[in-house]
A.B. asks: 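I have a structure I would like to understand better, so I am pasting it below and will then ask my questions one at a time.
Order of the sequence lines fixes the chain letters, A, B, ..., with proteins taken first and strands second; residue numbering starts at 1 for each chain. The basis for the numbers below is simple: all heavy atoms, side chains too, and nothing from hydrogens, waters or symmetry mates.
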Amino acid sequence: MVTGLPGGQRRVQPDELPALVRAVEAAGPTPPRWVWADTNRFYPGLLRSGVRVERAHDLRLCHRILRHSTLTANSALATAAPGGPWDTMPAVSLTDEPARVPDTLFGPPEPKVAEAGPDPVEALRHQHDAVAASPGQGRLGLLLAAESAGALAAAEMHHAGLPWRADVHDAVLTEVLGPRPRHGERPERLEELVQRIRAALDAPASLNPDSHPDLLKAMNLAGVGAKTLRKWELERLSHPVIEPLLEYKSLSRLLTANGWNWLDSWVRDGRFRTEYVVGGVVTGRWATNGGGALQLPKNVRAAVVADPGWTFVVADAAQLEPRVLAAMAGDEAMAAAGRGDDGEGIDMYAGIVATGAVDTRERAKIGMLGAMYGGTTGVSGQVRPQLAAAFPRAMALVDDAARAGERGEVVTTHLGRSSPLPGETWQELQAGAYSADDGAGDAAARARSYTRSWGRFTRNFVVQGTAAEWALCWLASLRRRLWQLGMADGGDGVEGAVPAPFTERAHLVSFVHDEVVVHTPISLADAVADEVRAAAAEAGRLLFGDFPVAFPLSVATATCYTDAE
DNA sequence: ATTAAAAGCCAC
DNA sequence: AAACGTGGCTTTTAAT
């Protein structure tokens with residue numbers, strides 16, 4: 001059922017939906033906002049039919065935010081008994097089996113009764129009520145719009161896919177590992193390294209370097225003196241086995257995580273498609289399902305090559321989190337340190353050095369990261385009082401968030417996404433800390449440790465979560481701008497031709513926390529770069545209004561991802 | 001036999 | 001330098 005149409009409501013068959021949506025999108029000067037239970041349930045099919053929508057409201061994603069936000073704590077939505085349909089509705093996954101087309105051998109399929117599901121109109125009303133009554137000058141409304149736009153962008157990026165040259169990927173692997181081995185065998189380079197490791201340890205040919213206990217035992221016998229196999233620890237030891245072992249670990253990682261098997265599994269028809277999970281991280285950052293798309297190692301990014309006649313515009317936000325912290329804390333001094341004289345933005349860590357608060361860029365960086373992560377030792381600990389003196393408001397914000405977490409309270413981002421409550425472990429440990437009888441060591445110490453750990457989580461939550469909100473607004477703005485760019489240019493230049501979504505226009509192909517990649521016709525690359533910057537400025541205004549904080553980007557254009565970094 | 005946890009490295 | 005935030009993913013090992 002589609003309601004709210006110009007001509008009232010209509011019941012449509014699934015195959016009628018694309019034409020209907022296309023018509024309504026094209027009808028008026030103001031595009032509609034489609035409200036649906038889950039973007040992934042409707043949008044992939046529309047995209048396959050060549051239909052792109054401008055705006056949407058994802059009821060499931062928005063419900064999840066409103067259910068837990070401190071800004072809507074008194075709403076009917078948030079005070080309802082838990083376990084309602086919108087609380088328990090599972091996300092639709094793009095990898096779910098598509099509804100199988102029934103066999104037609106025995107005549108047309110039985111008409112299916114659409115599953116009832118909860119009433120979306122009623123849900124929308126509840127969500128509107130909750131947002132309308134929330135404090136914060138429309139911040140929650142902005143968050144819901146950005147979250148929903150993100151869901152559209154995520155589906156579109158999956159639809160378009162990240163251009164991926166399997167032949168280039170294979171060449172990279174062959175270069176460092178040797179030719180692809182037969183099933184069950186090690187590549188040449190790895191086999192050589194295994195031999196060298198065994199020889200250096202005087203170990204039998206049965207030693208499997210992938211078995212950590214066995215390897216550690218053999219290393220102990222050879223007197224290497226390693227307690228763990230962590231890279232940074234091994235690097236500090238001197239023994240003939242260290243060099244081949246580190247090399248083995250590095251190559252082995254490449255093979256298992258992004259080797260030929262990965263290529264076979266994830267690259268089809270020149271595209272890598274992952275499933276972006278909008279809001280998949282507690283802080284609001286995205287997660288992905290499949291292919292490890294958020295952790296593609298630098299050396300395999302060489303396989304990300306633009307189509308002929310196309311190129312990439314790669315942009316990332318410089319020092320996003322400290323800038324977000326400065327803005328949300330209203331810390332003028334800290335914002336000024338990242339702004340520079342022209343107001344366009346300078347390297348923030350260099351700017352902090354320029355204020356005289358800290359003596360080197362490296363120490364400024366470690367100190368800021370430590371303040372946001374809760375580091376207390378080493379350089380973090382040394383620089384901290386200096387930063388606290390120079391930027392008291394920013395440091396107070398993260399310290400307050402940490403203390404709230406330690407008290408077991410919830411913290412909330414700038415736009416209104418709230419942290420979860422600590423789990424049962426927290427409660428139990430607090431109770432246990434006061435019980436005299438505890439057989440398993442120092443209960444009070446464990447409670448303290450867990451409490452501090454939760455404080456580090458809430459400390460980081462407010463910054464990482466607000467940075468994710470900025471990035472979401474950036475992405476949403478850029479998505480809209482890229483579409484407009486396509487309208488202006490006409491895509492392939494054919495008069496009157498409407499470019500198909502994402503095959504003839506500049507389009508997003510990757511988003512990783514604070515970095516975007518746009519795949520664009522070469523002729524539009526400069527315009528895309530302008531829009532990427534304009535979108536960043538717009539995101540800053542949307543979140544922080546007139547507060548004078550800069551969000552400079554590093555932007556590069558290249559036909560290969562590797563060359564843009 | 002299946003599942004969960006641990007260890008480790010990759011990304012931001 | 002050290003072990004301070006969020007994750008995904010793979011392999012081995014332990015547990016059920």
A.B. asks: Consider only side-chain N and O atoms of Arg384(A) and Ser380(A), and report whether a donor and an acceptor are under 3.5 Å apart.
C.D. replies: no
A.B. asks: Looking at dT6(C), dG8(B), dC9(C), which one has an atom nearest to any side-chain atom of Arg285(A)?
C.D. replies: dT6(C)
A.B. asks: Nearest-Å distance, CG (Leu251(A)) to P (dG8(B))?
C.D. replies: 19 Å
A.B. asks: Between C1' on dT6(C) and CG on Asp514(A), what's the gap in Å once rounded to a whole number?
C.D. replies: 13 Å
A.B. asks: Show your reasoning for whether salt bridge (charged side-chain N to carboxylate O under 4.0 Å, His left out) applies to Arg363(A) and Asp359(A).
C.D. replies: CA-CA 7 Å; Arg363(A) 289 169 66 82; Asp359(A) 53 358; 3.1 Å; yes
A.B. asks: Going by the angle between their ring planes, with limits at 30° and 60°, are Trp164(A) and His169(A) parallel, tilted or perpendicular?
C.D. replies: tilted
A.B. asks: Looking for any heavy atom pair under 4.0 Å, which part of the strands does Leu320(A) touch: base, sugar-phosphate only, or nothing?
C.D. replies: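 Nothing, no heavy atom under 4.0 Å.
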A.B. asks: For a quick test of reading the model: is some side-chain N or O of Lys298(A) closer than 4.0 Å to OP1 or OP2 of dC12(B)?
C.D. replies: yes
A.B. asks: Mind checking Asp316(A) for me? I need base, sugar-phosphate or nothing, with any heavy atom below 4.0 Å counting as a touch.
C.D. replies: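 The residue Asp316(A) makes no contact with any strand.
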A.B. asks: Measure from CG on Asp210(A) to C1' on dA7(B) and round the result to the nearest Å.
C.D. replies: 12 Å
A.B. asks: Considering every strand and a 4.0 Å limit on heavy-atom distances, what is the contact class for Arg301(A): base, sugar-phosphate, or nothing?
C.D. replies: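 Since only primed, P, OP1 and OP2 atoms lie under 4.0 Å of Arg301(A), the category is sugar-phosphate.
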A.B. asks: What is the distance from CZ of Arg186(A) to C1' of dT10(C), rounded to the nearest Å?
C.D. replies: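 Rounded to the whole Å, the gap is 15 Å.
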A.B. asks: What is the distance, rounded to the nearest whole Å, between atom CZ of Arg452(A) and atom C1' of dA3(C)?
C.D. replies: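 After rounding, the gap between these two atoms is 16 Å.
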A.B. asks: Please work out if Ile366(A) contacts a base, only the sugar-phosphate, or nothing of the nucleic acid, heavy-atom cut-off 4.0 Å.
C.D. replies: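 Nothing: the residue Ile366(A), judged by heavy atoms under 4.0 Å, touches no strand.
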A.B. asks: Looking for any heavy atom pair under 4.0 Å, which part of the strands does Gly378(A) touch: base, sugar-phosphate only, or nothing?
C.D. replies: nothing
A.B. asks: Nearest to the Lys231(A) side chain among dC10(B), dC4(C), dG7(C), which nucleotide is it?
C.D. replies: dC10(B)
A.B. asks: Base, sugar-phosphate alone, or nothing: which one does Gly290(A) contact when heavy atoms must sit under 4.0 Å apart?
C.D. replies: sugar-phosphate
A.B. asks: Looking only at the side chain of Thr256(A) (C-beta and beyond, no hydrogens), which of the listed nucleotides dG5(C), dG7(C), dT10(C) gets closest?
C.D. replies: dT10(C)
A.B. asks: Which nucleotide sits closest to the side chain of Asn208(A): dT6(C), dT12(C), dC9(B)?
C.D. replies: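 Shortest atom-to-atom distance from the side chain points to dT12(C).
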A.B. asks: Just call it for Val463(A): base, sugar-phosphate, or nothing, with non-hydrogen atoms closer than 4.0 Å on any strand.
C.D. replies: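 Touches nothing.
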A.B. asks: To the side chain of His513(A), which of dA7(B), dC12(B), dC9(B) is closest?
C.D. replies: dC12(B)
A.B. asks: In whole angstroms, how far is the C1' atom of dA3(C) from the CG atom of Leu369(A)?
C.D. replies: 14 Å
A.B. asks: Using a 4.5 Å cut-off on heavy atoms from C-beta on, say whether the side chain of Leu162(A) contacts that of Arg273(A).
C.D. replies: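 Heavy-atom side-chain distance check fails, nothing below 4.5 Å.
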A.B. asks: If each of Glu233(A) and Phe457(A) is mapped to the nucleotide of DNA chain C with the nearest heavy atom, which maps nearer the 5' terminus, i.e. the 5' end?
C.D. replies: Glu233(A)
A.B. asks: Taking the six-membered ring of Tyr561(A) (Phe, Tyr or Trp), confirm whether the NZ or CZ of Arg301(A) is under 6.0 Å from its centre and within 45° of its axis.
C.D. replies: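 The answer is yes; both the distance and angle limits are met.
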A.B. asks: Within this structure, what is the CG-to-C1' distance between Leu255(A) and dG8(B), rounded to whole angstrom?
C.D. replies: 16 Å
A.B. asks: Considering only dT6(C), dC12(B), dC4(C), which nucleotide approaches the side chain of Arg456(A) most closely?
C.D. replies: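 Within the option list, the nearest is dC4(C).
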A.B. asks: Under a 3.5 Å cutoff, is there a donor and acceptor pairing between the side chains of Glu275(A) and Ser93(A)?
C.D. replies: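 Side-chain D/A pair, Glu275(A) to Ser93(A): present.
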A.B. asks: Looking only at side-chain atoms of Ser211(A), point me to the closest of dT12(C), dT6(C), dT11(C).
C.D. replies: dT12(C)
A.B. asks: On a heavy-atom basis, which atom in Ser419(A) and which in Thr458(A) lie closest, and how many Å separate them?
C.D. replies: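 Result for this residue pair: OG-CG2, 4.4 Å.
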A.B. asks: Leu229(A) has a side chain; which of dC9(B), dG7(C), dG8(B) sits nearest to it?
C.D. replies: dG8(B)
A.B. asks: How do Thr376(A) and Ala293(A) order along DNA chain C: which one's closest nucleotide is nearer the 5' end?
C.D. replies: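 Of the two residues, Thr376(A) wins.
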A.B. asks: Which nucleotide in the set dC4(C), dC10(B), dC12(B) lies at the smallest distance from any side-chain heavy atom of Val512(A)?
C.D. replies: dC12(B)
A.B. asks: Rounded to whole angstroms, how far apart are NZ on Lys249(A) and C1' on dT12(C)?
C.D. replies: 13 Å
A.B. asks: Classify Arg253(A) by what it touches in the nucleic acid, base, sugar-phosphate, or nothing, heavy-atom distance under 4.0 Å.
C.D. replies: base
